[in-house]
Structures are given as C-alpha cells and as structure tokens.
**Student:** 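Have a look at this one before I ask anything.
The chains referred to below are lettered A, B, ... by the order of the sequence lines, with proteins before strands, and numbering in each begins at 1. Predicted model, so just to flag it, every value in this text is computed and none were measured.
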Amino acid sequence: MEFTVSLDSPFSLEHTLKSGQLFRWRKRGEWWYGVVSGSVLKIQQDGDTLRCITGSDRLDSGFVTNYFKLDEDLEHVLGTLTKDEVVTRAIEKYYGLRLVRQETWECLGSFVLATNANIPRIEKMVAAICARYGTRFEFEGDSYSSFPAPGVLAGAAMADLRACGLGYRAPFLKHVAASVADGKIDFDGLAALPFEDSRKVLLKELLGEKVLLGVGPKVADCVLLYSCGKDEAFPIDVWIARVLAKSYPRLIDSSLRARLARDGKIKLSYGDYLRLSQSVRKHFGRYAGYAQQYLYMDAREREA
DNA sequence: TAGCAGGAAAATC
DNA sequence: GATTTTCCTGCT
C-alpha cells in the first residue's frame, strides 16, 4: 500500500528516527525502513509530505499520524517549555524532532535491554531476539521479523535468550514477558492515569514480588514517554544526568549536588532519581519530555 | 541508604 | 590489546 501524509506542523523524520527512542529503523538510500506492528513501514520525507509504502493495510495514514504523534502541535508544545540558552540551542539544532507513540510492549521489552548498554548494542540485542523469536515475513523481496510476542519470550529457554547476547538481562526480559503475557500490567489503563500513578503501576509489586524485574524509574519513564503519551515524563540516563549536572545545577537538590561535586561520578539512587525527576518536570512543565529528547540528542551528537 | 555485581560489546586508551 | 564505559536495576 502506498500513500502520502501532509504535514501541517513541523516534523523532522530524520531527527525523530535518530533520537534514540526507537531501535528498529534503518536507512537505505533515501528511505527509512522500520518494522512496526508486525509489518514494514517504508517512509521518506519530502518537505511537508511523508511518502509511505507499507506491507499492510493496517499501517495507513491514520496509523502514521498516531505513531509520530503528528496530531500534537509541536510549535505549541515547544512554546510551553521554560527556555534557556542550552535547551533553546538544542531545539534550534534539531527542530522537528518529535516524541513517538510506539507499542508499549515492544518499548518495554526494548528498554529492559537498555541497561548498561549503548545504542548499537541495544539495536543488536533487539534484532537478535526478533530474528530468533519473532514472526518472519517478506517485504520487497527482503526478510524481516516482528518483535516477539510476550508469550513467546516468556516460554523461551534461558540459554537461547542468553545466546542473543543479552547477558544478565535475559532473566529480566523473560520475567517481564511472563508478567505481560499473564496480564499483570494493564497497558491500556496506563495512558488514562496521571503520570505519577502510571509510573507507580510500572514499578509496582504484587504480594511482595516485583511484577517487572529490570524496570526501575528510568525504564518506566522511557515507556511512559515513548509509548503512553506521557509527555511530562523525563527519563534521566547518564547523558541527561551529565547535562543536568553541567547546565542545570540549580535543579539539583543540595545533597545530591554536594555528592556530585565530591566524587564526580553520577550515580543516582532511587530517591535521588525521583526527587531530581520531579524538580526537572516542575521546571520544564507538562511537556518536559520534549526538552529531555532535544537535550539528549544534542548531548549525544556533540560527543560523536 | 549505600555499595556492589552483573555479561557482553562498544569506545577509548 | 587492555581498560573503561555503556540510555540501570536488584540485592544485601
């Protein structure tokens, strides 16, 4: 199926797909190829038009609009952020970068793998579990695999999971997959809850047993921001922590600031994370997640 | 709450 | 080629 989507709000496909939210997009020639919802979405931006070619009728213009959140007025969103030189420069540089709305299970499964790994490695791990456990299909003569269903990963042998290069993350992914397969997390309900409540759901325990092993506040924030439309979520990873320490010290409470100055290294305890997260969300406002994504992109590109 | 381990691969030296 | 770092969380 082939169609176009006209943009009436700023959008940069390139910045969005390279911003570290998604792990399954590759550029070949002028086209971006992604496996989304079990089919290939092939897409190219030409000014204010998106050209799309898909392998499934389900991936129509409505789907694309929803996936890239094109219904969200980016100018308005960025206008609400509390500006300063640092975030203003990042926004100018990567203007059009948008948060996406990916499928919650895939997002959760992917970010469980993201602990202590860099992006090339995460992409490799995700590709490996898709190839090993996903459903294979063809598009334009090439072979692709869907992101595996939770029930499939829940039933996977630990040794096979480890063989995908997951290391110590293998048992976490299996556990999370089993919880999801057993319906212990109400994904649909998440979007309807206030932000802090939705995060509590992802971090919750039942009968003294953690429901989602390997999911702490950072991963929870990623899931809520990238798949549940919680635009106020502000995931704090090592890159963002460095940006905050360098450019936003006044958002960091004195105790943490003192420890940062003392040992230089940035390690956030659970309590540190929640306090800092709240402080930063209060500063940037209800679309804080957009500020986070622009700052993250800028910090990473600067390094490269 | 603080300290540490965890597995493997990428970055860096 | 060795060492350090890596979009962190769980356990004690």
Side-chain angles (χ1 to χ4, degrees), chain A residues 16-25 90 94 97 99-100 102 106-129 132 158-176 179 199-200 202-205 208-227 233-245 253 255-256 258-260 262-277 280 288-304:
Chain A
T16 300
L17 293 180
K18 287 163 106 173
S19 69
Q21 307 171 63
L22 298 157
F23 302 107
R24 299 206 70 197
W25 285 87
Y94 301 103
L97 165 59
L99 293 169
V100 300
Q102 54 180 298
E106 176 170 342
C107 186
L108 174 61
S110 299
F111 277 95
V112 163
L113 301 180
T115 65
N116 267 348
N118 51 29
I119 289 181
R121 170 121 196 250
I122 300 164
E123 290 177 342
K124 199 171 272 188
M125 288 187 282
V126 171
I129 61 167
R132 174 70 178 77
M158 197 62 79
D160 293 340
L161 274 178
R162 282 185 182 277
C164 293
L166 308 192
Y168 69 90
R169 303 167 191 80
F172 292 152
L173 181 62
K174 185 175 160 97
H175 178 270
V176 167
S179 292
R199 182 161 63 182
K200 280 179 191 156
L202 288 176
L203 298 175
K204 80 177 170 188
E205 303 186 3
E209 209 170 324
K210 200 154 191 308
V211 177
L212 300 175
L213 273 177
V215 177
K218 190 270 177 182
V219 171
D221 281 347
C222 287
V223 172
L224 293 169
L225 182 63
Y226 304 141
S227 80
F234 193 97
I236 304 170
D237 54 65
V238 292
W239 295 89
I240 290 298
R242 284 194 287 252
V243 171
L244 293 176
D253 68 71
S255 140
L256 176 58
R259 273 179 288 144
L260 283 177
R262 181 166 48 103
D263 26 277
K265 267 202 166 176
I266 298 171
K267 39 181 180 153
L268 301 176
S269 73
Y270 195 89
D272 289 335
Y273 186 99
L274 295 186
R275 276 192 297 279
L276 183 53
S277 160
V280 175
Y290 278 86
Q292 185 271 353
Q293 212 59 29
Y294 279 90
L295 290 171
Y296 177 76
M297 186 83 168
D298 190 40
R300 282 187 50 84
E301 286 279 308
R302 192 176 302 280
E303 193 77 4

**Student:** Using a 4.0 Å heavy-atom cut-off, does A/S19 contact any base of the nucleic acid, only the sugar-phosphate backbone, or nothing at all?
**Tutor:** base
**Student:** Using the C1' atoms only, state how far B/dA2 lies from C/dT6, rounded to an integer number of Å.
**Tutor:** 22 Å
**Student:** Is a donor on one side and an acceptor on the other found under 3.5 Å between the side chain of A/Q292 and the backbone of A/F234?
**Tutor:** no
**Student:** Kindly say if A/K218 contacts the phosphate of C/dT9, meaning a side-chain N or O under 4.0 Å from OP1 or OP2.
**Tutor:** no
**Student:** Distance check needed: C/dG10 C1' versus A/L203 CG, whole Å only.
**Tutor:** 13 Å
**Student:** To the nearest angstrom, how far is A/D237 atom CG from C/dT5 atom C1'?
**Tutor:** 14 Å
**Student:** Counting just side-chain N and O atoms, does A/R259 come under 4.0 Å of either OP1 or OP2 of B/dT1?
**Tutor:** no
**Student:** Have a look at A/L212 and say if it touches a base, only the backbone sugar-phosphate, or nothing, with a 4.0 Å heavy-atom cut-off.
**Tutor:** sugar-phosphate
**Student:** Figure out the CD/C1' separation between A/E209 and C/dC11, and round it to whole Å.
**Tutor:** 15 Å
**Student:** Rounded to whole Å, please give me the gap between CG in A/L213 and C1' in C/dT9.
**Tutor:** 9 Å
**Student:** Could you measure between the two C1' atoms, the one in B/dA8 and the one in C/dT12, and give it in whole Å?
**Tutor:** 25 Å
**Student:** Taking OH from A/Y168 and P from C/dT9, how many angstroms apart are they, rounded to a whole number?
**Tutor:** 9 Å
**Student:** Is a donor on one side and an acceptor on the other found under 3.5 Å between the side chain of A/R121 and the backbone of A/G165?
**Tutor:** yes
**Student:** Taking only the side-chain heavy atoms of A/T115 (C-beta and beyond), determine which of B/dG3, C/dC8, C/dG10 contains the nearest atom.
**Tutor:** C/dC8
**Student:** Could you measure between the two C1' atoms, the one in B/dA11 and the one in C/dT9, and give it in whole Å?
**Tutor:** 23 Å
**Student:** Classify the nucleic acid contact of A/I122 as base, sugar-phosphate or nothing, counting any heavy atom under 4.0 Å across all strands shown.
**Tutor:** nothing
**Student:** Okay, side chain of A/Y294, backbone of A/L97: is any donor-acceptor separation there less than 3.5 Å?
**Tutor:** yes
**Student:** For A/P235, report the nucleic acid contact type (base, sugar-phosphate, nothing); a contact means any heavy atom under 4.0 Å.
**Tutor:** nothing
**Student:** Could a donor-acceptor pair under 3.5 angstrom be found where the side chain of A/R121 meets the base of B/dA8?
**Tutor:** yes
**Student:** Nearest-Å distance, CG (A/L256) to P (B/dT1)?
**Tutor:** 12 Å
**Student:** Counting any heavy atom closer than 4.0 Å, what does A/Q21 reach on the DNA or RNA strands: base, sugar-phosphate only, or nothing?
**Tutor:** base
**Student:** From the list B/dA10, B/dG6, B/dG3, which nucleotide is the closest neighbour of the side chain of A/K267?
**Tutor:** B/dG3
**Student:** Do the side-chain N and O atoms of A/Y296 and A/Q21 include a donor-acceptor pair separated by under 3.5 angstrom?
**Tutor:** no
**Student:** Contact class for A/Y296 vs. all strands (heavy atom < 4.0 Å): base, sugar-phosphate, or nothing?
**Tutor:** base
**Student:** When you measure from the side chain of A/P120, which nucleotide among C/dC11, B/dA11, C/dC8 comes out closest?
**Tutor:** B/dA11
**Student:** Taking atom P of B/dA5 as reference, at what distance in whole Å does atom CZ of A/F172 sit?
**Tutor:** 15 Å
**Student:** Using modelled atom types and a 3.5 Å cut-off, is there a donor and acceptor pairing between side-chain atoms of A/K218 and backbone atoms of A/Y273?
**Tutor:** no
**Student:** Tell me the interatomic distance from A/E205, atom CD, to C/dT9, atom P, rounded to whole angstroms.
**Tutor:** 14 Å
**Student:** Heavy atoms from C-beta onward define the side chain here; which of B/dG3, B/dA10, C/dG10 lies closest to that of A/K124?
**Tutor:** B/dA10
**Student:** Would A/V215 and A/V223 count as a side chain to side chain contact (heavy atoms under 4.5 Å, CB included) if you check the C-alpha gap in whole Å, the side-chain angles of each, and the deciding distance to 0.1 Å?
**Tutor:** CA-CA 10 Å; A/V215 177; A/V223 172; 6.0 Å; no
